[in-house]
Amino acid sequence: MSPTHRRPIPRDGVLVPMVTPLLPTGEVDVESTASFVAALARDGVAGVLVLGSSGENAALPAAQRRTAVEAVVAAGQQVHVMAGVAALGTADAVNDAREFAALGADSILASAPFGFQLSQDELTGHFTALAGVSDAPVIGYEVPSRVGVSLSTPLLVRLLGDGVIAGVKDSSGNIGAARLRSEALAGAGLADVAHFTGSEECIDAFLLGGGTGCIPGLANVFAPLHVDLCRRAALGDWAGASQVQGRIAGLLDLYFNELPGASFSAQFFAIVKEALVQQGIIAHNTTAAPFVQADAGTSAHVTRMLERARDLHGVVERTPGKAAEAS
């Protein structure tokens, strides 16, 4: 994709942090990826995030990360494609950002490096280096639980004001800090920049407090609910948005079913992929090594939760894609 054809960052709406469909061999499932992107486009999302934390980014080797980005871009849907960069240090992050932009990603989501806990001045250098490798805008990813350091509000305001980054995704889970950040952005004349939440329990409160959109993991499975919430918020229908938020909160139990021997991350990947298999969107529930794979208990739990979504929350069936039909 040439620079003039990059899609602008959606200021509002839903971007889905896609799980990465894999074949039983562990390779990226290109056909299922295309099916998944097509399903999300039908759901009405504003964009997708490939290789975010939900995409097993740190567990995939470089060649598979490249294939994942290529597959999403090649899906040909008219949605924004954001590519996540997770790296030990700045040099590797710069290489990935350059490559993903060359492959056609519309924007780059970048956290602090996780090899060392950098100072705020060092983080300025990190993001400045990323911004200089392509014309694809960079989104600062605030995720201290994964990288061990926080992107402070003064740092983010400075980077946004200087044009080093073009937006923020906040997955800290700290709704109070997000509210104060929104105030700081408004005070600096930056109220219109893209400000996303990755937290799921109170998207409505984040939007009411000055946020602009969301990138929530549960949208992999229930994107239409999140699209409806953001639509109502954009219309000023806060009572309606709150009602939809309540339905979303009632579905967060999807994440919680013990998978013996598994970390919470492995459990999340297995459950969400199994849900997409049962919805007919992707063909396999395979997760990257060394994560524990889904078991019969995972399948039974997902079946119960999808039935609950239909019966209690009015979630409609999604249209299966070609990859699932072929399987």
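Leu155 and Phe116 fall within a single hydrophobic cluster, where Ile, Leu, Val, Met, Phe, Trp and Tyr side chains are chained together by heavy-atom contacts under 4.5 Å. Both Val168 and Leu190 belong to a common hydrophobic cluster when Ile, Leu, Val, Met, Phe, Trp and Tyr are linked at side-chain heavy-atom distances under 4.5 angstrom. Residues Leu254 and Leu259 are members of separate hydrophobic clusters, defined by side-chain heavy-atom contacts under 4.5 angstrom among Ile, Leu, Val, Met, Phe, Trp and Tyr. A single hydrophobic cluster is seen to contain both Leu88 and Leu123, as judged by linkage of ILVMFWY side chains at heavy-atom distances under 4.5 Å, directly or through other members. In the hydrophobic clustering of ILVMFWY residues, with side-chain heavy atoms under 4.5 Å counting as a link, Val302 and Phe264 come out together.
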**OP:** Might you work through the side-chain contact (heavy atoms from CB on, under 4.5 Å) test for Tyr141 and Ser171, ending with a clear yes or no?
**Re:** CA-CA 8 Å; Tyr141 186 14; Ser171 291; 3.4 Å; yes
**OP:** Go through Asp228 and Arg232 one step at a time and tell me if the salt bridge (Lys or Arg N to Asp or Glu O under 4.0 Å) criterion holds.
**Re:** CA-CA 6 Å; Asp228 189 26; Arg232 291 173 183 270; 3.2 Å; yes
**OP:** Dump the intermediate steps for side-chain contact (heavy atoms from CB on, under 4.5 Å) on Leu207 and Cys230, then the final yes or no.
**Re:** CA-CA 8 Å; Leu207 297 175; Cys230 287; 4.1 Å; yes
Original post:
Do Asp237 and Arg231 pass the salt bridge (Lys or Arg N to Asp or Glu O under 4.0 Å) test, and can you show the C-alpha distance, the side-chain angles, and the key distance before you say yes or no?
Top reply: CA-CA 9 Å; Asp237 177 13; Arg231 179 186 64 82; over 6 Å; no
Original post:
Where do Leu159 and Thr124 land on the side-chain contact (heavy atoms from CB on, under 4.5 Å) test, with the steps shown first?
Top reply: CA-CA 7 Å; Leu159 293 176; Thr124 297; 4.2 Å; yes
**OP:** Run the numbers on Ile215 and Val16 for side-chain contact (heavy atoms from CB on, under 4.5 Å), then give the verdict.
**Re:** CA-CA 5 Å; Ile215 309 179; Val16 177; over 6 Å; no
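Between the side chain of Ser242 and the main chain of Trp238, no donor-acceptor pair closer than 3.5 Å is present. In this structure, the side chain of Gln293 does not engage the main chain of Thr286 through any donor-acceptor pair within 3.5 Å. Judged by distance alone, with hydrogens and angles left aside, the side-chain atoms of Glu142 form no donor-acceptor pair with the main-chain N or O of Ser150 at under 3.5 Å. In this structure, the side chain of Ser172 engages the main chain of Asn174 through a donor-acceptor pair within 3.5 Å. Panel note: side chain Asp162, backbone Val164; no donor-acceptor pair is recorded below 3.5 Å. Using modelled atom types, one side-chain atom of Gln245 and one backbone atom of Asp204 make a donor-acceptor pair closer than 3.5 Å. Using a distance-only test at 3.5 Å, with no hydrogens or angles considered, no donor-acceptor pair links the side chain of His80 to the main chain of Pro10. With hydrogens and angles disregarded, a donor-acceptor distance shorter than 3.5 Å links the side chain of Tyr255 to the backbone of Leu218. Side chain of Glu56 to backbone of Ala288: a donor-acceptor contact under 3.5 angstrom is found. Judged purely by atom type and a 3.5 angstrom limit, Asp106 uses its side chain to pair as donor or acceptor with the backbone of Val81.
The ring of Phe256 has its center no closer than 6.0 angstrom to the ring center of His301.
Here the closest non-hydrogen pair linking Glu200 and Leu252 is CB-CD2, 4.0 Å. For the residue pair Val133 and Ala97, the shortest heavy atom distance occurs at CG2-CB, 4.1 Å. Shortest non-hydrogen contact noted between Ala110 and Val138 is CB-CG1, 4.2 Å. The two atoms that bring Ala59 and Phe291 nearest to each other are CB-CE1, 3.8 Å, heavy atoms only. The shortest non-hydrogen separation linking Glu122 to Ser119 is OE1-N, 2.8 Å. Arg146 and Ser265 get closest at one heavy-atom pair: NH2-OG, 4.0 Å.
Considering only heavy atoms from C-beta on, Leu109 comes within 4.5 Å of Leu49 through its side chain. Contact of the Leu185 side chain with the Val157 side chain is registered, since non-hydrogen atoms from C-beta on lie closer than 4.5 Å. Between Asn220 and Phe36 the shortest side-chain heavy-atom distance falls below 4.5 Å. Looking at heavy atoms from C-beta onward, Pro113 lies in side-chain contact with His126 at the 4.5 angstrom threshold. Looking only at side-chain heavy atoms (C-beta outward), Val28 and Leu23 stay at 4.5 Å or farther from each other. Residues Arg65 and Glu99 form no side-chain contact, since every pair of their non-hydrogen atoms from C-beta on lies 4.5 Å or further apart. Within the 4.5 Å cutoff, the side chain of Lys273 has no heavy atoms near those of the His284 side chain. Between Val50 and Phe100 the shortest side-chain heavy-atom distance does not fall below 4.5 Å.
Here Ile282 contributes atom CD1 and Thr20 contributes atom OG1; the two are 9.5 Å apart, rounded to the nearest 0.5 Å. Considering OG1 of Thr303 and CD of Glu274, their distance stands at 6.5 Å, rounded to 0.5 Å. The structure places CZ of Phe196 at 5.0 Å from OG1 of Thr212, a figure rounded to the nearest 0.5 Å. Atom CZ of residue Phe127 and atom CD1 of residue Ile108 lie 12.0 Å apart, to the nearest 0.5 angstrom. Rounded to the nearest 0.5 angstrom, Leu130 CG and Ile165 CD1 are separated by 10.5 Å. Note: Leu15 CG to Cys214 SG = 8.5 Å, rounded to the nearest 0.5 Å.
Side-chain contact, Ser152 with Gln120: a donor N or O sits under 3.5 Å from an acceptor N or O. Residues Thr298 and Asp295 have side chains that bring a donor and an acceptor to within less than 3.5 angstrom of each other.
For Arg11, the salt bridge (Lys or Arg N to Asp or Glu O under 4.0 Å) test picks out Asp192, with sequence neighbours left out.
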